[in-house]
2 protein chains.
Amino acid sequence: MAKAPPTAHSEPAQRMEQMIAALRAAGQRVTPQRLAVLRVLAESHDHPTVETIYERVSRDFPTTSLATIYKTLTMLKGLEQVLELGFAHMSSRYDGRKPSPHAHAICVRCGAIADPDIGPMESLAKDMAKRSGYKLTRHQIDFFGLCPQCQKKA
Amino acid sequence: MAKAPPTAHSEPAQRMEQMIAALRAAGQRVTPQRLAVLRVLAESHDHPTVETIYERVSRDFPTTSLATIYKTLTMLKGLEQVLELGFAHMSSRYDGRKPSPHAHAICVRCGAIADPDIGPMESLAKDMAKRSGYKLTRHQIDFFGLCPQCQKKA
DNA sequence: CTGATAATAAATAATAATTATCCGGAGAGA
DNA sequence: TCTCTCCGGATAATTATTATTTATTATCAG
Ligand SMILES: [Mn+2]
Ligand SMILES: [Mn+2]
Ligand SMILES: [Zn+2]
Ligand SMILES: [Zn+2]
């Protein structure tokens, strides 16, 4: 059997290990429910909602409560292990694979979210910090429009 | 008396005229309540919340309902006469002075919002469109941190 | 391994922001 | 003036999220 090819970003399994390590380092308990949430986050490429995470966790863990998902995500946010994308008229979306702030493209029709690597935001943030006088700590950069699929249906 | 100095962006009065014209062009009625909302939007530099707009409108128009503010803002958004800044864990903020998308700095302590002109986002949007395949129509670019005042208090 | 204990999970209630519904009234146009 | 539609105000409903309460469980000292 051939060796698995190298990948640019972490495999779900190793991303999970990172998150578990972060929990332990923070003195947080590692419970089955939390492991289930971590797994969903590590495996999901679609920037799922709380509801979606809940459904995916529920497959293996049917008694889990929505509140548990919320609380786990809040905790992981505090540990900078998950990125929350917050919006006004739709529920938040979560990225557990790339937990540091990065730009997103959001389809206003179907909700699909893409996050290709684009030119770095550092210079933009520097510029904003300089001209506003703010001490900046994080950002959320969102572009809205139609995903390729929805463009076809138009 | 000296002539008023020229300004880079529109005076409240002329911004109001623009908005009124947009209403008329869209066949929308220009009512006293709506005029009151327009005035608040044209005069406010603080990116007010719905609640704040409501309070300001209520000074001159005490019987106004919150729902009217919401409905008027929704309409103005449709006419691209007001920019909504939507967030996950706080209520939306509105900019009626510069209604086209632009970057903001938001103070996480006191909520102050600044929007200095910074390096253009066009190239960033182009890059995102190219790499994601999305057809982009608008964006929201937010930087979070501490405003100058809150930095002092630290 | 066992038991003590503090943290956590589930269920549920509460909250906050926003949106929908209903109805009376004002206003533009015939 | 009449009419018909739009609009405003009051209030109910909805949605997303957070708080509370109680039972359960992961962790670790012994
Ligand atoms: Mn992402
Ligand atoms: Mn602005
Ligand atoms: Zn789409
Ligand atoms: Zn501040």
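Just the heavy atoms: all of them, side chains too, but no hydrogens, waters or symmetry mates, feed the values below. Throughout, a chain's letter reflects where its sequence line sits, starting with A, and its residues are numbered from 1.
Remark: C1' of C:dA11 and CD of A:Gln33 are 14 Å apart, rounded to the nearest angstrom. The separation between A:Phe61 atom CZ and C:dT8 atom C1' is 12 Å, rounded to whole Å. Atom-to-atom, CD1 of A:Ile69 to C1' of C:dA9 comes out at 11 Å; the value is rounded to the nearest Å. Between A:Leu66 atom CG and C:dA13 atom P the separation is 15 Å, expressed in whole Å. Rounded to whole Å, atom C1' of C:dT8 lies 13 Å from atom CG of A:Leu35.
In 5' to 3' order, the nucleotides of DNA chain D bounding all contacts with chain B (an atom under 4.0 Å from a heavy atom) are D:dT5 to D:dT18.
In this model, the phosphate group of C:dT8 is not approached by any side-chain N or O of A:Thr31 to a distance below 4.0 Å at OP1 or OP2.
Residues satisfying the ring pair (Phe, Tyr, Trp, His ring centres under 6.0 Å) test with B:Phe143, not counting sequence neighbours, are A:His139. With sequence neighbours left out, the side-chain hydrogen bond (donor to acceptor under 3.5 Å, both in side chains) criterion links A:Thr49 to A:Thr52.
Sorted by first and then second residue, the salt bridge (charged side-chain N to carboxylate O under 4.0 Å, His left out) pairs with a member in residues 20-39 of chain B form an empty list; sequence neighbours excluded. Listed by first and then second residue, the salt bridge (charged side-chain N to carboxylate O under 4.0 Å, His left out) pairs that reach into residues 132-148 of chain A come to none, sequence neighbours excluded. Applying the side-chain hydrogen bond (donor to acceptor under 3.5 Å, both in side chains) definition to pairs two or more places apart or across chains, none involves residues 59-69 of chain B. Sorted by first then second residue, the salt bridge (charged side-chain N to carboxylate O under 4.0 Å, His left out) pairs that include residues 40-53 of chain B, not counting sequence neighbours, are B:Asp46-B:Arg56. Sorted by first then second residue, the salt bridge (charged side-chain N to carboxylate O under 4.0 Å, His left out) pairs that include residues 80-90 of chain B, not counting sequence neighbours, are B:Lys77-B:Glu84. Among pairs with a residue in residues 101-128 of chain B, those fulfilling side-chain hydrogen bond (donor to acceptor under 3.5 Å, both in side chains) read B:His47-B:His104, B:His47-B:Asp115, B:Asp95-B:His102, B:His102-B:His104, B:His102-B:Asp115, B:Asp127-B:Arg131, at least two apart in sequence or across chains.
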Problem - Base versus backbone protein contacts along nucleotides 20-28 of chain C [heavy-atom cut-off under 4.0 Å; B, S, -] - result: B-----B--
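You'll find the side chain of B:Gln149 stays beyond 4.5 Å of the side chain of B:Cys110, heavy atoms only. A:Met90 places a side-chain heavy atom less than 4.5 Å from the side chain of A:Ile106. Using a 4.5 Å heavy-atom cutoff, the side chains of A:Phe87 and A:Phe144 are in contact. Residues B:Leu73 and B:Ile53 have side chains in contact (heavy-atom distance under 4.5 Å, counting atoms from C-beta outward).
The shortest non-hydrogen separation linking B:Ala105 to A:Leu136 is CB-CD2, 4.4 Å.
B:Glu51 comes within 4.0 angstrom of nothing in the nucleic acid, heavy atoms only.
Less than 4.0 Å separates DNA chain D from at least one heavy atom of each of the following residues of residues 76-95 of chain B: B:His89.
In the helix from C:dC1-D:dG30 to C:dA30-D:dT1, the terminal helix axes, each the rotation mapping four pairs' C1' atoms onto the next four within five end pairs, subtend 30°, rounded to 10°.
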